[in-house]
Amino acid sequence: MTEAPLIVPSTSGPRASAAHDQDDLLSGLNPQQLAAVTYRGPALLIVAGAGSGKTSVLTRRIASLLRGREAWPSQILAITFTNKAAGEMRERVAGLVGEASRGMWISTFHSACVRILRREAEQFGFTKSFTIYDSGDSRALIKRLVKDHEADAYGLTPASVQGRISKLKNELQDSESYARDANMSDPAERKFVEIFADYQRRLRKANAFDFDDLIGQTVYLFRAFPKVADTYRRRFRHILVDEYQDTNHAQYALIHELTRPVSADAPDPYASNGMMIFEPETAPELEGASLTVVGDSDQSIYAFRGADIRNISEFERDFPGARVVLLEQNYRSTQNILSAANAVIGNNFDRKDKKLWSDRGDGDMIVGFTGYSQHDEAQFVADEVEMLRRAGMPYSEMAVFYRTNSQSRALEEIFIRSAVPYKIMGGTKFYERAEIKDALAYLISVANPADEMSVRRILNKPRRGIGDVTETAIARFAEDHGISFREALSMPAQLGVGPKIQAGIAQLDAVLKEATEILLPASGEVPPPTSVADGLSLLLAKSGYLDALRASRDPQDEARVENLDEFVAVARDFARNNPEGTIADFLTEVALVSDADDLDDESGSVSMMTMHTAKGLEYDAVFVTGVEEDLIPHRISAGEPGGPQEERRLFYVGITRARKRLHLSLAMTRAQFGEVSVAMPSRFLQEIPAELVDWRQSPGDVNSRGGMQSRALNARRGGFGGGSSSGGDRFGVKKLPPRDSLKPLSTSMDKFTNKVTGKVRDNGDLELAAGDRIRHDDFGEGRVDAVTGEGAKRIAHVRFDSAGLKKLLIKIAPIEKL
DNA sequence: GCGATACTCACTGAG
DNA sequence: TGAGTATCGC
């Protein structure tokens with residue numbers, strides 16, 4: 001985040017005396033920000049509204065601690081939600097204090113916990129090389145367990161079991177503590193408890209933690225081994241937590257453990273360096289670390305994942321004597337955008353009133369648009385993007401948000417067709433692709449042979465003729481002889497399987513052994529930095545995995561080979577950045593990267609992402625799409641306690657990302673599961689004062705021009721149309737008519753010339769030149785102004801007779817030359 | 001054990 | 001629509 005008023009012109013002349021050291025940190029701050037940077041005490045809560053400069057405040061606070069010699073870098077622990085946010089904070093602190101920033105822990109909850117767990121794993125029965133199971137991995141394991149326990153008969157699905165286990169772990173419950181309170185006379189409950197316990201046993205046996213365990217087991221470690229906890233309490237004297245409103249109970253407990261005072265008896269290695277500002281050196285015990293948290297309960301959007309808003313609302317009770325600082329001035333958005341945001345969030349009743357304000361002036365009006373279909377809506381977005389681009393706004397300053405990932409497809413189709421460069425944050429993640437997971441499973445099989453899931457995964461990849469029967473035989477053999485699944489692979493002759501399969505197993509075993517020598521050289525030798533990449537290449541090549549893909553005639557396999565190349569490149573990159581990184585470090589990094597992390601804006605393309613991913617980001621122009629009932633608020637949220645309110649916060653997060661221009665759009669019909677259904681405008685739209693919105697095409701317009709006489713929509717027109725609304729019907733929102741009072745619009749839609757479809761055609765090598773006239777399926781006739789680009793990426797700039805100026809990707813546009 | 005085909009079910013959200 | 005799974009014939 002960048003907030004203009006905080007950017008300080010570099011002072012001329014050398015920064016000579018210590019007295020002036022803090023000047024550049026403090027200048028340009030408003031009084032609240034100043035207090036947030038300079039307050040010293042055991043606990044500080046910074047309530048930071050959207051765009052109020054919290055990142056600046058946090059980084060300056062850290063810099064000020066370091067510059068004032070109040071803390072060594074190693075005594076600072078700063079927690080963020082994404083690796084990207086962590087990297088950004090590290091960079092900004094480095095910009096303020098230079099070298100002194102090294103040695104700080106600035107990381108996510110998950111990475112910090114992995115670091116601690118790797119160090120301490122042996123204390124409680126794990127090894128340093130434990131595996132991290134992502135949700136897909138644990139889903140697979142739970143699926144097996146549900147099957148083994150025949151639990152589907154009790155209505156337990158893998159998804160529900162996984163969800164419940166995750167929730168419980170976020171509450172720091174285990175199967176035993178849960179069983180104590182559960183109704184164990186219910187057979188489904190008993191089954192669930194069995195599976196939960198079994199799941200945990202399997203994880204332990206596999207030397208693995210799932211995502212939730214990373215936090216929960218660290219808390220457990222601290223509680224079970226106070227001496228271990230004390231070393232970290234001594235070390236971290238200043239703990240700062242960002243996005244505190246999204247912490248769950250386990251994370252809260254972790255922070256609590258870390259900020260406890262240290263009991264007196266143990267020696268204190270840090271007491272002698274004179275850095276302890278809170279206590280005299282002779283004190284018998286060490287006070288708890290100083291805690292700073294930053295958050296905004298209006299931006300809490302992860303309750304579904306266990307985030308507990310009470311962590312922030314009850315902070316003052318949890319940490320008596322805490323100071324609270326409120327940052328309400330917004331440095332990001334224009335007043336129109338903020339007024340809309342305030343109006344929307346004001347409908348949540350259980351919040352402390354807080355009004356964002358800006359001194360940047362009203363700015364442009366919010367633009368509203370209703371499309372007939374999602375394609376139509378997407379075309380509006382694409383057109384508007386092009387208009388802003390022509391007006392000088394770079395693509396990288398624009399973003400399109402949607403509620404669910406599936407909405408991105410229609411947008412993508414139109415963007416491709418309109419030759420708008422874009423990139424999608426999220427969706428199918430690189431590390432969730434099958435081939436990457438296979439490659440990872442190979443690496444894990446070497447790094448952590450106890451992880452049976454991974455070994456089983458690669459057993460028959462590539463095909464070695466090993467099916468269920470052989471797999472079970474191996475498992476039985478291992479069990480009978482008290483050895484691990486992995487070890488059983490090294491004695492294929494004794495498994496009682498055919499010679500061909502024996503050879504396959506022997507070959508796999510040999511490859512894994514060879515890779516082990518590269519990745520984990522025996523007896524204390526330090527592997528060279530390139531070992532991870534080398535080991536990976538060897539595994540992929542000698543296992544026959546790559547050859548099998550290359551030999552395949554499935555066109556997708558070509559892309560898979562490229563992905564694997566990319567993955568090897570990631571490993572080489574890793575070696576470059578971490579010369580001493582081990583295979584375990586590499587696997588950690590890979591397991592913990594997330595979508596929000598690879599946002600990189602240099603490429604000059606429009607960003608598309610879900611509103612969840614958008615948190616913490618900002619853009620000059622923002623398009624919030626699909627502002628419809630059942631989408632935002634999402635249908636499923638209605639059944640959850642606090643669901644609709646969380647949806648409203650999510651919408652609020654979306655609109656407060658915009659600096660200058662905000663667009664809200666929806667479609668009257670939306671296709672899902674291949675079927676077209678009618679959509680209704682979101683209730684949130686009604687909560688925005690009508691005078692702030694310039695409707696290019698309101699829901700009412702679509703309705704009347706579509707020839708539909710729906711009372712439901714006409715009744716709402718006052719709120720949507722024309723900007724002259726009295727707001728009289730703004731409170732009628734809750735009485736939405738049943739959906740079937742609307743007939744699908746599709747029957748009458750066919751009349752409309754600007755109905756845009758997702759149609760694509762392969763024009764092969766159609767030649768166009770300036771001056772040509774063409775006909776487009778959706779836009780009608782037009783004249784080519786210019787042609788740019790090369791080969792498959794040639795773009796026609798066309799002036800349509802009625803639809804205006806458009807860019808078209810010639811290869812796929814539904815056009816013909818006249 | 002494998003590959004092709006038919007069929008089913010799902011789309012919140014994310015670490 | 002399209003990914004994932006069950007079923008079947010080889």
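Everything numeric in this text was worked out from a predicted model, so none of it was measured. Note: hydrogens, waters and symmetry copies are ignored here, and every other heavy atom, side chains too, is used. Lettering of chains follows the sequences in order, A, B, ..., and the numbering in each one begins at 1.
Taking the centre and axis of the six-membered ring of A:Phe81, the NZ or CZ atom of A:Lys615 falls inside the cone set by 45° and 6.0 Å. Under the 6.0 Å distance and 45° angle rule, A:Arg118 counts as a cation-pi partner of A:Phe130. A:Arg202 forms no cation-pi arrangement with A:Tyr199, by the criterion of a distance under 6.0 Å to the ring centre and an angle within 45° of the ring axis.
Applying the 4.0 Å criterion to OP1 and OP2 of B:dG13, one finds that A:Ser637 has every side-chain N and O outside that range. Here A:Thr613 reaches the OP1 or OP2 of B:dA14: one of its side-chain N or O atoms lies under 4.0 Å away. Listed pair A:Lys143 / C:dT5 meets the phosphate criterion, a side-chain N or O lying under 4.0 Å from OP1 or OP2. Between B:dG13 and A:Asn405, a contact under 4.0 Å exists linking OP1 or OP2 to a side-chain N or O. Between A:His612 and B:dG13 there is no side-chain N or O to OP1 or OP2 distance below 4.0 Å.
Between A:Glu432 atom CD and B:dG13 atom P the separation is 12 Å, expressed in whole Å. Rounded to whole Å, the distance from CG on A:Asp212 to P on B:dA14 is 16 Å. As a whole-Å value, the separation of A:Ile215 CD1 from B:dG15 C1' is 9 Å. B:dG13 atom C1' lies 13 Å from atom CZ of A:Arg649, rounded to whole Å. In this structure, A:Met609 atom CE and B:dG15 atom P are separated by 13 Å, rounded to whole Å. Between the CD1 atom of A:Ile165 and the P atom of B:dG15 there is a distance of 21 Å, given to the nearest Å. The separation between A:Tyr133 atom OH and B:dG15 atom C1' is 17 Å, rounded to whole Å. In this structure, the CD1 atom of A:Ile636 is 3 Å from the P atom of B:dT12, given to the nearest Å.
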Discussion item. Go through it in stages, so that I can follow the logic: the residues are A:Tyr252 and A:Asp308, the test is side-chain hydrogen bond (donor to acceptor under 3.5 Å, both in side chains), and I'd like the CA-CA distance, side-chain angles, deciding distance and then a yes or no.
Written reply: CA-CA 9 Å; A:Tyr252 167 85; A:Asp308 191 342; over 6 Å; no
Practice prompt. Assess whether side-chain hydrogen bond (donor to acceptor under 3.5 Å, both in side chains) is satisfied between A:Arg305 and A:Ser166, documenting all intermediate values.
Written response: CA-CA 8 Å; A:Arg305 197 169 81 187; A:Ser166 172; over 6 Å; no
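For the 3.5 Å distance criterion, the side chains of A:Glu435 and A:Asn563 qualify, holding a donor opposite an acceptor. Between the side chains of A:Ser129 and A:Asn448, no donor-acceptor pair of N or O atoms lies under 3.5 Å. Judged by distance alone, the side chains of A:Thr157 and A:Ser160 do bring a donor and an acceptor atom under 3.5 Å apart. A donor and an acceptor atom, one from each side chain of A:Tyr133 and A:Asp451, are located under 3.5 Å apart.
Heavy-atom contacts from other residues, nucleotides or ligands closer than 6.0 Å to CZ of A:Phe304 number more than 12.
For the strand DNA chain B, secondary-structure stems (runs of at least three Watson-Crick or G-U pairs, all distances below 3.5 Å) span B:1-10 with C:1-10.
Backbone-only engagement by A:Tyr302 is indicated by non-hydrogen atom pairs under 4.0 Å involving sugar-phosphate atoms exclusively. Within the 4.0 angstrom heavy-atom criterion, base atoms lie near A:Ser406.
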Worksheet, complete the sentence: With B for base contact, S for sugar-phosphate-only contact and - for none (protein heavy atoms under 4.0 Å), nucleotides 1-8 of chain B reads SSSS----
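With both ends at atom P, the span from C:dG4 to B:dG13 equals 15 Å, rounded to whole Å.
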